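Take a look at the structure below.
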Amino acid sequence: MMTRNRRGFLADVGRGMLVAGVGSALAADLGLAPAYAGDVPERLTFGDLEPLVGLMQDTPADKLLPIVVEKLKGGTTLRTVVAAGALANARTFGGHDYDGYHTFMALTPAYHMAQELPEDRKALPVLKVLHRNCRFIHAFGGSAKESLHPVEHVSLPENRPSEMLRESTRKADQAGAERTLAALTDASAEEAYNQLLMSVQDEVDVHRVVLAWRSWATLEITGREQARTLLRQSLRYCVDTEREQIKNKRAPSGVRATLPKLLDQYRLASRKLGERKGDDAWTENLCQTIYAGNRDQAADAVAAALSEGFSPEDVGEAISLAANRLVLRDPGRNEKQTSAGKPAGSVHGASVGVHASDSANAWRNISRVSNHRNQAASLIVAGYHTAGQAGMAGQKPLPWAEHLEAVKGKDEKTLLAEAEAAIKARDQTRVSAVVYKYGEMGLPSRSVFDMLLRFATSEDGALHAEKYYRTVCEEFASTRAAYKWRHLVALARVTASEYGFAAPGYAQACQLLKV
């Protein structure tokens, strides 16, 4: 176990004095002391990765990057650095803090972005997000205020119900839910994840589903041995929501009634889903039904398509395209919706379209890695989640005819230069038209991705640049030729929206890498 630093020691001393003043029972209720009065919680540690994880928590952001760059030069892999950053984030925030879990959700996408860059620039997106990670960890309290501690080992009953974890979550029994999740994970990470997903499906919330997906996806970087730690973030997020719902006496989301009804009605819970392919017209029709319908109608349309034997990939494609419509039809923020880094007219960050696209992408990915029941359930919830938002994005989709007529370029080089100029002018309509025309001409998509990747790396993106870039990469790759360029047009629009708000730490990273 790593030696506690001076700040951690003083924090524990201060906490102990406060416990003595208010009493152990009240202190435990306030989260100032563990359940066993007077004890300091045991620290969660990560074996060989612990020194690097500790470094991520205890080093100020501007001092961290030079150390990380030296470690990379010394042979530490980028994967190891990202793993340490993810574990430092999880131990600190535990899925509770808005800035914290947003940064966690950006780490794996940043790692994938790195794989698309030249060797001398590979570390840039990772260093940028590590700087953000460190800033927020220090603002939260660092190693002196860690959310995750070891979980008491329990044995599961032999004939345990498949809803066991969900029942604890719905009662907002965090301790019981965490013990159950830990025991499930020890037996099988896959089974633990499938049970966790039943809680994730209880609400439609972008952070709930994207955190659940990124927690699983990050295991490819940290290793499955960290499943306990990473999945706890998602569980705690779900418990927090239940606690607020109970406290405020709010009715649960309608999806809790809709999902089991549709699984039963269409007999989708246990049977293998089909492989029937939908043609372009079928895809467009299902996309429009999801986009324009209410949530129950969209969920029913998805369940019916699955029951008719249409493949999960084709159904998921239609859901993703419906979410994409929200980006292309977004009127932009009005004056009352603005904030620092998100001016009037902007569509980046926590906008309806970006949120919908990231959510649809997460539900699709979850469906690909889960059991039969959750494969169907995740897509039904994805349809429910995506629908009902068209009123917030009602104008006709970009680009419009007048925008296309204004495009001057006729070749790859000229069009790319025109697109970059439009991004730097923050001209969303112009760049949408240029990229649409570029795709219509059958020019190479990689050149557009390379340009947009540079901006996704350099700009802040209001916590969403990395996630949304990765969403578009995946959806472009899995969408049929007739519709795939809609995703790149949307990314170009969002990139123009976020331009001009440079990411803290990016300039320092460039200097350190000499690029």
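If you're wondering where the values come from, they're calculated on a predicted model, not measured in any experiment.
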Would you call Ser445 and Trp485 a side-chain contact if the rule is heavy atoms closer than 4.5 Å?
yes

Step-by-step side chain to side chain contact (heavy atoms under 4.5 Å, CB included) determination, Phe140 to Ser147:
CA-CA 10 Å; Phe140 189 77; Ser147 296; 4.0 Å; yes

Under 3.5 Å, is there a donor-acceptor pair linking the side chains of Thr338 and Arg333?
no

Mind listing the closest non-hydrogen atom pair of Tyr237 and Gly95 along with its distance?
CD1-O, 3.7 Å

Return yes if some donor-acceptor pair links the side-chain N/O of Tyr291 with the main-chain N/O of Ile319 below 3.5 Å, else return no.
no

Return yes if some donor-acceptor pair links the side-chain N/O of Ser339 with the main-chain N/O of Lys342 below 3.5 Å, else return no.
no

Fit a plane to each ring of His102 and Tyr98, take the angle between them on a 0 to 90° scale, and name the class: parallel (under 30°), tilted (30 to 60°) or perpendicular (over 60°).
tilted

In the structure I gave you, are the side-chain heavy atoms of Ser357 and Leu326 within less than 4.5 Å of one another anywhere?
no

Does any N or O in the side chain of Ser307 come within less than 3.5 Å of the main-chain N or O of Ala304, such that one atom is a donor and the other an acceptor?
yes

Work out which heavy atom in Val302 is nearest to a heavy atom in Leu379; give both atom names and the distance.
CG1-O, 3.5 Å

Residue pair Leu107 / Thr218, side-chain heavy-atom distance below 4.5 Å:
no

Using every non-hydrogen atom in the two residues, find where Met451 and Leu416 come nearest and quote the distance to one decimal.
SD-O, 3.8 Å

Under the 3.5 angstrom rule, does the side chain of Thr495 hit a backbone N or O of Leu491 as a donor-acceptor pair?
yes

Asn194 (side chain) donor-acceptor with Asn371 (main chain) under 3.5 angstrom:
yes

Angle between ring planes, Trp363 versus His385, binned at 30° and 60°: parallel, tilted or perpendicular?
perpendicular

Tell me yes or no: between the side chains of Gln375 and Ser370, is some donor less than 3.5 Å from an acceptor?
no

Could you give the distance from CG (Leu124) to OG1 (Thr457), rounded to the nearest 0.5 Å?
6.5 Å

Are a donor atom and an acceptor atom from the side chains of Thr103 and Asn133 found within less than 3.5 Å of each other?
no

Would you compute the distance between atom CD of Gln233 and atom CG of Leu148 and round it to the nearest 0.5 angstrom?
7.0 Å

Going through the distances and angles, do Arg486 and Glu284 end up as a salt bridge (Lys or Arg N to Asp or Glu O under 4.0 Å)?
CA-CA 13 Å; Arg486 295 180 187 180; Glu284 191 73 77; 2.8 Å; yes

Is there a side-chain contact between Tyr469 and Pro109, using heavy atoms and a 4.5 Å cut-off?
no

Flag, side chain of Asn361 to backbone of Val472, donor-acceptor distance under 3.5 Å:
no

Could you tell me whether a side-chain N or O of Thr283 sits under 3.5 Å from a main-chain N or O of Asp279, the two making a donor and an acceptor?
yes

Exceeds 12 heavy-atom contacts within 6.0 angstrom, atom CD of Glu220:
no

Evaluate whether atom CD of Gln337 has more than 12 neighbouring non-hydrogen atoms of other residues, nucleotides or ligands under 6.0 angstrom away.
yes

Is Glu190 paired with Arg224 through a side-chain N to carboxylate O contact shorter than 4.0 Å?
yes

Do the ring planes of Phe476 and Phe449 sit parallel (below 30°), tilted (30 to 60°) or perpendicular (above 60°)?
perpendicular

Considering only NZ, NE, NH1 and NH2 on the basic side and carboxylate oxygens on the acidic side, decide whether Arg170 and Glu203 come within less than 4.0 Å.
no

Distance col, row Thr429:OG1 vs Arg493:CZ, nearest 0.5 angstrom, shows 8.5 Å

Just how far is it from atom SG of Cys134 to atom CG of Leu65, taken to the nearest 0.5 Å?
8.0 Å

How far apart are the C-alpha atoms of His96 and Arg236, what are their side-chain angles, what is the distance that settles it, and do they pass the side chain to side chain donor-acceptor pair (under 3.5 Å) test?
CA-CA 7 Å; His96 294 299; Arg236 282 178 166 228; 3.0 Å; yes

Scan side-chain atoms only and decide if Ser234 and Ser215 contain a donor-acceptor pair under the 3.5 Å cut-off.
no

Distance-only, no hydrogens or angles: does the Arg208 side chain make a donor-acceptor pair with backbone N or O of Val200 under 3.5 Å?
yes

Taking C-beta and beyond as the side chain, do Tyr101 and Phe93 meet within less than 4.5 Å on heavy atoms?
no

So does Glu244 pair up with Arg250, basic N to acidic O under 4.0 Å?
no

Inspect the surroundings of CZ in Arg446 and state if more than 12 heavy atoms from other residues, nucleotides or ligands are less than 6.0 Å away.
yes

Taking the basic N atoms (NZ, or NE/NH1/NH2) and the acidic carboxylate oxygens, is any pair closer than 4.0 Å for Lys408 and Glu418?
no

Considering all heavy atoms of both residues, which atom of Lys484 and which atom of Ala477 are nearest to each other, and what is their separation?
NZ-O, 4.5 Å

OH (Tyr266) with more than 12 external heavy atoms under 6.0 Å:
yes

Is the shortest distance from a Lys or Arg side-chain nitrogen in Lys122 or Glu116 to a carboxylate oxygen in the other one below 4.0 Å?
no

Of all the heavy-atom pairs spanning Val431 and Ala496, show the shortest one and how long it is.
CG1-CB, 3.9 Å

Within the 3.5 Å criterion, strictly below it, is a donor on Asp358 or His464 matched to an acceptor on the partner's side chain?
no

Between Val354 and His348, is there a side-chain heavy-atom distance shorter than 4.5 Å?
no

Going from CE on Met198 to SG on Cys238, what distance comes out if it is rounded to the nearest 0.5 angstrom?
12.5 Å

So CG of Leu273 and CG of Leu306: to nearest 0.5 Å the spacing works out to 5.5 Å

Do Arg166 side-chain atoms and Gln195 backbone N/O form a donor-acceptor pair below 3.5 Å?
no

Within 45 degrees of the ring normal and closer than 6.0 Å to the centroid, is that where the cationic atom of Lys128 sits relative to Tyr506?
no

Does a side chain donor of either Glu498 or Ser346 reach within less than 3.5 Å of an acceptor in the other side chain?
no

Answer yes if the side chains of Asp330 and Gln395 hold a donor-acceptor pair under 3.5 Å, and no otherwise.
no

Does NZ in Lys396 sit with more than 12 non-hydrogen atoms of other residues, nucleotides or ligands closer than 6.0 Å?
yes

Check: Ala465 main-chain N/O paired with Glu459 side-chain donor or acceptor under 3.5 Å
no

In terms of side-chain heavy atoms, does Asp202 have a donor or acceptor partner in Ser199 at a distance below 3.5 Å?
no

Check: Ser351 and Tyr468 side chains under 4.5 Å, non-hydrogen atoms:
no

Determine, step by step, whether Glu466 and Arg132 satisfy the side chain to side chain contact (heavy atoms under 4.5 Å, CB included) criterion, reporting the C-alpha distance in whole Å, the side-chain angles of both residues, the deciding distance to 0.1 Å, and the verdict.
CA-CA 12 Å; Glu466 301 80 20; Arg132 182 191 307 163; 3.0 Å; yes

On a heavy-atom basis, the closest approach of Ala305 and Leu286 is CB-CD2, 4.4 Å

Flag for Glu475-Asn324: side-chain donor and acceptor within less than 3.5 Å:
no

Do His403 and Arg430 have side-chain atoms, one donor and one acceptor, less than 3.5 Å apart?
no

Arg364 and Glu313 ion-paired at < 4.0 Å:
yes

Between Asp314 and Arg480, does any NZ, NE, NH1 or NH2 come within less than 4.0 Å of an OD or OE carboxylate oxygen?
yes

Is there a side-chain contact between Asp450 and Arg454 (heavy atoms, below 4.5 Å)?
no

